[in-house]
Amino acid sequence: MMNVFSKSLLASALASTTLISVTTVSAQAAEPLTVYGKLNVTAQSNDVDDEATTTIQSNASRFGVKGDFELSSDLQAFYTVEYEVNTGDEAKENFLARNQFVGLKGGFGAFSVGRNDTMLKVSQGKVDQFNDLSGDLKNLFKGENRIEQTATYITPSFGDFKVGVTYAAEGAASQYAQDGFSVAAMYGDAKLKNTPIYASVAYDSDVKGYEVLRATVQGKIADLVIGGMYQQEEETFDKNGDPVTGDSKSGYLFSAAYTISAVVLKAQFQDMEDKGDSWSVGADYKLGKPTKLLAFYTNTSFESKTTDDSFFGVGLEHKF
């Protein structure tokens with residue numbers, strides 16, 4: 001009886017030791033992983049082409065995972081896999097691909113490959129006060145591109161300066177069988193936390209059929225944030241990959257935000273030659289660090305239309 005008991009006790013001890021060892025090894029091998037995202041949903045009245053529609057719509061809500069892993073003392077692997085979640089889509093399979101890339105970073109800077117925002121898009125920083133809403137600058141400006149086959153390199157910071165370049169492969173369907181490059185030189189912190197000014201100059205060459213030159217600046221004085229953008233754009237290739245000869249168009253954007261306690265008041269005006277203009281006003285009310293209420297009104301006037309489009313929305317955003 002005692003012998004049986006001893007054997008059982010020994011077997012239990014060995015099993016426990018093995019389990020602890022496996023768990024320890026697994027914990028040591030586990031990569032740091034961050035799950036993140038946001039839900040931004042608004043109730044809107046959209047008056048487009050003289051037809052008013054009420055919607056409960058998702059504004060680039062997203063879900064993703066990201067992380068990095070130390071390969072050596074001066075080399076790390078990093079990755080991001082992100083999807084847009086369209087809460088207002090009738091389909092239950094409502095995931096759309098966003099940035100999805102893997103890369104290496106170290107003293108040489110950072111290099112990544114995969115689906116990614118171009119450097120011109122990244123260079124805008126936070127100047128667009130109505131990003132992802134009906135007043136998003138992409139409605140009038142070209143260059144807000146996320147290309148499915150890219151290689152991107154960003155230099156280390158030299159003081160507060162850094163440079164980045166994106167190569168868009170001709171094999172990407174959105175490239176219309178053309179190689180493309182997107183280059184940006186940036187100064188300062190786009191969030192205006194470490195520097196009071198952020199500025200950038202960026203250029204797209206044959207990215208999604210366009211050549212684009214963009215200059216952006218944004219600064220903070222006490223509780224007031226003001227920004228501006230100037231852009232020139234010209235179509236170079238159509239969707240069949242055939243060259244296009246056209247005139248260069250120019251446009252500009254001005255934005256401002258003023259914080260009063262938990263309230264942020266926002267305004268923005270944008271104009272693009274031969275296309276139209278748009279103005280937006282709005283306010284955010286912070287309920288907590290990750291959560292805010294928002295309201296906005298946008299009016300867009302396209303030169304190709306006889307009537308203006310208008311959008312009024314109120315909603316809720318929560319980040320996690």
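Sequence positions, counted from 1, serve as the residue numbers for this chain.
- For CD1 of Ile260, the number of neighbouring non-hydrogen atoms (other residues, nucleotides, ligands) closer than 6.0 Å is greater than 12.
- Between the side chain of Gln268 and the main chain of Gln129, a donor-acceptor pair closer than 3.5 Å is present.
- Rounding to the nearest 0.5 angstrom, the gap separating the CZ atom in Phe296 from the CG atom in Asn59 is 6.5 Å.
- Atom-to-atom distance recorded for Lys121:NZ and Phe141:CZ is 15.5 Å, nearest 0.5 angstrom.
- One side chain, Gln231 or Glu233, offers a donor N or O that lies under 3.5 Å from an acceptor on the other.
- Side-chain atoms of Thr216 never come within 3.5 Å of backbone atoms of Gln124 as a donor-acceptor pair (strictly under, hydrogens ignored).
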For residues 179-190, tabulate all N or O donor-acceptor pairs below 3.5 Å that involve a side-chain atom, not counting sequence neighbours.
residue: Asp179; atom: OD1; partner: Tyr167; partner atom: OH; Å: 2.6
residue: Asp179; atom: OD1; partner: Glu170; partner atom: N; Å: 3.3
residue: Ser182; atom: OG; partner: Met119; partner atom: N; Å: 3.4
residue: Ser182; atom: OG; partner: Leu120; partner atom: N; Å: 2.9
residue: Ser182; atom: OG; partner: Asp204; partner atom: OD1; Å: 2.6
residue: Asp189; atom: OD1; partner: Lys191; partner atom: N; Å: 3.1
residue: Asp189; atom: OD2; partner: Lys193; partner atom: N; Å: 2.9
residue: Asp189; atom: OD2; partner: Asn194; partner atom: N; Å: 3.0

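- Atom-to-atom distance recorded for Leu104:CG and Phe78:CZ is 7.0 Å, nearest 0.5 angstrom.
- Counting heavy atoms from C-beta on, the side chains of Ile56 and Val41 come closer than 4.5 Å.
- Hydrophobic clustering of Ile, Leu, Val, Met, Phe, Trp and Tyr side chains at less than 4.5 Å, counting indirect connections, keeps Val212 apart from Tyr176.
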Distance-only criterion, 3.5 Å: show the donor-acceptor pairs between side-chain atoms of residues 241-252 and protein atoms not counting sequence neighbours.
residue: Lys249; atom: NZ; partner: Asp274; partner atom: OD2; Å: 2.6
residue: Ser250; atom: OG; partner: Glu273; partner atom: OE1; Å: 3.3

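- Relative to the six-membered ring of Phe130, Lys266 meets both conditions, a distance below 6.0 Å and an angle of at most 45° to the axis.
- Thr298 places no side-chain N or O within 3.5 Å of a backbone atom of Ser134 that could act as its donor or acceptor partner.
- Using a 4.0 Å cut-off between a side-chain N of Lys or Arg and a carboxylate O of Asp or Glu, Glu82 and Arg98 qualify as a salt bridge.
- Going from atom OG1 of Thr152 over to atom CG of Asp117 covers 9.0 Å, rounded to the nearest 0.5 Å.
- Side chains of Gln57 and Asn46 form a contact here, defined as non-hydrogen atoms less than 4.5 Å apart.
- Leu96 CG to Ser58 OG: the interatomic distance, rounded to the nearest 0.5 Å, is 9.5 Å.
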Quick one, Leu137 with Met229, criterion side chain to side chain contact (heavy atoms under 4.5 Å, CB included). Give me CA distance, side-chain angles, the key distance, then yes/no. CA-CA 10 Å; Leu137 68 82; Met229 178 184 289; 4.0 Å; yes
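- Remark: Lys66 is positioned above the aromatic ring of Tyr36, its terminal NZ or CZ atom under 6.0 angstrom from the ring centre and at most 45 degrees off the axis.
- Rounding to the nearest 0.5 Å gives a distance of 7.0 Å between OG1 of Thr87 and CG of Leu39.
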